[in-house]
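Here is the structure we will look at, set down as structure tokens.
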Number of protein chains: 2
Amino acid sequence: MNETKHEIPYKIYLEESEMPKKWYNVRADMKNKPAPLLNPGTMEPMGYDDLRPVFCDELIKQELDNDTAYIDIPDEIQNFYRMYRPSPLVRAYCLEEKLQTPAKIYYKFEGNNTSGSHKLNSAIAQAYYAKQQGLKGVTTETGAGQWGTALSMACSYFDLDCQVYMVKVSYEQKPFRREVMRVYGASVTPSPSETTAVGRKILAAHPGTGGSLGCAISEAVEAAQSQEGYRYVLGSVLNQVLLHQTVIGLETKTALDKYNITPDIIIGCAGGGSNLGGLISPFMGEKLRGEKDYRFIAVEPASCPSLTRGKFVYDFCDTGMVCPLAKMYTLGSNFIPSPNHAGGLRYHGMSSILSQLYHDGLMEAVSVEQTSVFEAAEQFARVEGILPAPESSHAIRVAIDEALKCKETGEEKTIVFGLTGTGYFDMYAYEKFHDGKMTDYIPTDEDLKEGFEGIPKFPGNLI
Amino acid sequence: MNETKHEIPYKIYLEESEMPKKWYNVRADMKNKPAPLLNPGTMEPMGYDDLRPVFCDELIKQELDNDTAYIDIPDEIQNFYRMYRPSPLVRAYCLEEKLQTPAKIYYKFEGNNTSGSHKLNSAIAQAYYAKQQGLKGVTTETGAGQWGTALSMACSYFDLDCQVYMVKVSYEQKPFRREVMRVYGASVTPSPSETTAVGRKILAAHPGTGGSLGCAISEAVEAAQSQEGYRYVLGSVLNQVLLHQTVIGLETKTALDKYNITPDIIIGCAGGGSNLGGLISPFMGEKLRGEKDYRFIAVEPASCPSLTRGKFVYDFCDTGMVCPLAKMYTLGSNFIPSPNHAGGLRYHGMSSILSQLYHDGLMEAVSVEQTSVFEAAEQFARVEGILPAPESSHAIRVAIDEALKCKETGEEKTIVFGLTGTGYFDMYAYEKFHDGKMTDYIPTDEDLKEGFEGIPKFPGNLI
């Protein structure tokens, strides 16, 4: 509430001319490259031709390219980015004052678009390449709904058909998410459904099931393969998705450079890893090339702790085991986080790129419990205005914790975190929190053991 | 989808240093000033002392000041503005291309904050002056919920108690709106309630009532007067609110001036008039001073057509008749728009300032039906990305209509409209629209007659 004039504005917006024209591919600078995807039938590495029945051609090239450091962002995608980007890099003056910390806190806010999250950055790229290939449409799955919304918006822009398989329990609990997708002309099917063989099989075995992300993935893949001119697209985990999301980190870096700010710590929430990977990539590149050093912290929910308690092995990306296998930190493709867990970040695995970087000691990871996450969310909302998504609030929690450590030590560290989205469609979770009905859950070693048993056993997997 | 490089960016953001430091008071340039408020008991004009029991002192001064053209925005409010402002002035390139119009369309987007609308611009000012006066808290009413949310955020920032009376039917239909207010620490009471005499009286007479805005106002005023250290605040209609909202128009004008753009037509939706008044004020000032000419268009719903079909007389601001009377275009304080009408803009009257300007022929007004409004909303969402609030979509409808006229005539007019907010909490209305269940309603002359009968008959009122 003071009247100080600050040298650094509350929000740093780039000019259009300063926005990235190329994505940055961190794999080019990694000594240990992420391991290739394996064919679930043969356990052999998959090449371009193996992946063509499922994914768009150009996206496969991006998926497999471990060498090209900078990849042009096509003009059409840059035009779309200009509709909702640059996103602001915000100096959290009010939060700093509230915490009475000497730390300088910044957050890159990706929630100012109708999808409500960073997912749109990759959705528009994937829709573009599908359109370029002359496809009729794409299929995908969505859990919490951000990805499905983002893809609906992107497909609407390029006049592509968009078929979303939405986890049934989420479809029923979040009718408004579904309605937003309908605004953008997508068809939304609760999963499991009668529209696919795998859906019918699951419904026959479990008539009352609320579905799962793994099942929705399997349905979406089947739907893509059974329709002429369709491909499957995915909103996280894959190398291509992290590549598109580097627009977050590149904008962040340009904004910081403009004001000669060098961050000490960069923090992001991690589910499949797309936001964190996108945010840290350009900074990680400097670290990999030995130019600078930073601390990177991945924050995951204690109820789904793939990095902090998972195994670094080859595992299926879906529960239906129709997708390729990826080498990653995983809790096992059968692992399902406790239903008391709110919001996203409930994926059993983690991006292969981030898994490798973590394995090589280039990044840290911590897990946090959801009650403390919602406490941080509310504290943040009250001083910074923005109502954060539960996912994003994991990063807020750790940013506040680090800022409070600075308060103890007196260090003036610069902390940057990714605020991936808004929580407007998560008010049910906030309500539980306000009513004191929110509970925490940390899986026991026994709980995890069950998930680990689902990890495929073959010679390449050293468990 | 073309690759043109544009001279004018998609979004014009001002630098912090370019943000307004003073509000502009259009009354200073009006030859015919808006008529004073009248005491409902004596029908005499109300002065500073008469208004003190209800409103905050400094806000009364602003309410009564018809002479000072520029009023300083206190630093604390400027600081808060920097958290979510400047709001972008967006060039609607994608909409222009979709419409194939030679018109140039711009919109000032006020939805990028957690309250989801422009209401925050006045909420923070009113909370600030309440805090300065040493008050404990404020009371208010909310219908659709944007104003209540905005005030909750503002009060949270200044650590003021915030008591919101929310129309019961809205409280029950929009539990998530209520939950957002709880995030910011407000107490939200469904109205009518047992907490006030007027509420108890209404409940006794109509046990199952869903409430109305007029009733909620009466409860909030009573609550403020019956608690030590509380005042009542209002989110629209009043002169002070229009003053605060001129931050919208001032930013818009600075952004346009930077690129030497002169608008031909400026369009805004009009409920109580706060957004429209705020947007057009600086431009209207130029017109009043004879410096420039613009067309201004107020857009109201056909179901609640106060400007286009109302009477320009003194009327009560609330149904409980406890508030002062204002001279304005009104449908009568008993007029209640058809329940099929979605969203806000359902106020029976209109800001005295705008009423006077309209009466003096300085502004036009049109009314539109809601099905065509939602058609425009969806068309806009699909090409411009943003999911608009039903209220804002009234302006979109007319902006599109004007752009299509330009297509016919070949005129390259510059159209600016106010996009007041987002529709994330209005998906129920979108669902009705998608399901073909949305209907239109235009009151007959007979319907209106009933409302007009409630207008007070006294010598000053020439009906």
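Note that this is a predicted model, so its numbers are computed, not measured. Letters go in sequence order (proteins before strands), and every chain restarts at 1.
- Residues satisfying the salt bridge (charged side-chain N to carboxylate O under 4.0 Å, His left out) test with B:Arg177, not counting sequence neighbours, are none.
- The parts of A:Tyr424 that come within reach of chain B are both its backbone and its side chain, each placing non-hydrogen atoms under 4.5 angstrom from that chain.
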Evaluate side-chain contact (heavy atoms from CB on, under 4.5 Å) for A:Thr422 paired with B:Thr114, printing each intermediate quantity in order.
CA-CA 8 Å; A:Thr422 50; B:Thr114 294; 5.9 Å; no

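- With sequence neighbours excluded, the residues that form a side chain to side chain contact (heavy atoms under 4.5 Å, CB included) with A:Ala377 are A:Pro388, A:Ser393, A:Tyr430.
- Side chains of B:Tyr157 and A:Cys94 form a contact here, defined as non-hydrogen atoms less than 4.5 Å apart.
- Every residue was checked against the ring-ring contact (aromatic ring centres under 6.0 Å, His included) condition with A:Tyr184, not counting sequence neighbours, and none meets it.
- For chain B, no part of A:Arg91 is nearby; none of its heavy atoms comes within less than 4.5 Å.
- Only the backbone of B:Asn113 comes within contact range of chain A, judged by heavy atoms closer than 4.5 Å.
- Residue contact with chain B, scored on non-hydrogen atoms closer than 4.5 Å, involves the backbone and the side chain of A:Pro86 alike.
- Residues B:Met83 and A:Val90 have side chains not in contact (no heavy-atom distance under 4.5 Å, counting atoms from C-beta outward).
- Of all heavy-atom pairs spanning B:Tyr10 and A:Glu16, the tightest one is N-OE2, 2.5 Å.
- Heavy-atom minimum distance, B:Glu431 versus A:Glu179: CA-OE2, 3.2 Å.
- Here NZ of B:Lys174 is found 13.5 Å from CE of A:Met427. Values are rounded to the nearest 0.5 Å.
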Starting from the C-alpha separation in whole Å, work towards a yes-or-no answer on side-chain contact (heavy atoms from CB on, under 4.5 Å) for A:Phe425 and B:Phe176.
CA-CA 8 Å; A:Phe425 293 95; B:Phe176 294 159; over 6 Å; no

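- Ion pairing between a basic and an acidic side chain is recognised when a charged N comes within 4.0 Å of a carboxylate O; A:Asp159 and B:Arg382 show no such pairing.
- Across all their heavy atoms, B:His434 and A:Arg182 have their closest contact at CB-NH2, 3.5 Å.
- By the 4.5 Å heavy-atom criterion applied to side chains, B:Glu15 and A:Pro9 are not counted as neighbours.
- With rounding to the nearest 0.5 angstrom, the OH atom of B:Tyr84 is 13.5 Å from the CG atom of A:Asn112.
- Within residues 117-125 of chain B, no residue has any heavy atom less than 4.5 Å from a heavy atom of chain A.
- Counting heavy atoms of neighbouring residues, nucleotides and ligands inside a 6.0 Å radius, atom OH of B:Tyr259 exceeds 12 of them.
- Counting heavy-atom pairs closer than 4.5 Å to chain A, the top residue among B:Ala154, B:Gly385, B:Gly423, B:Gly111 is B:Gly385.
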